[in-house]
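Worksheet: the structure to be examined is printed underneath.
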Amino acid sequence: MERWQKSKADEKRIEFIGKEVTGEIRDYFLNKRIPEAYRRKGMASPVLYHG
């Protein structure tokens, strides 16, 4: 299933439930910084990954 949902661990976060992508698409996004326009001051990590 692929969808966004509110995090059960932290009400202030949302998470994506889906399949891991591989190959060229993964390489394009992996280990890249999120542009400052999308980050809030004081956020240690704006993205939380669940494995």
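Evaluation of the salt bridge (Lys or Arg N to Asp or Glu O under 4.0 Å) rule for R33 yields no partner, not counting sequence neighbours.
Counting heavy-atom neighbours within 6.0 Å of K32 NZ, excluding the residue itself, gives a total above 12.
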Anything under 3.5 Å between a donor and an acceptor, one on a side chain of residues 19-31, the other on a protein residue two or more places apart or in another chain? List them.
none

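Screening R3, E2, Q5 against F16 for a side-chain contact (heavy atoms from CB on, under 4.5 Å) leaves a single residue, E2.
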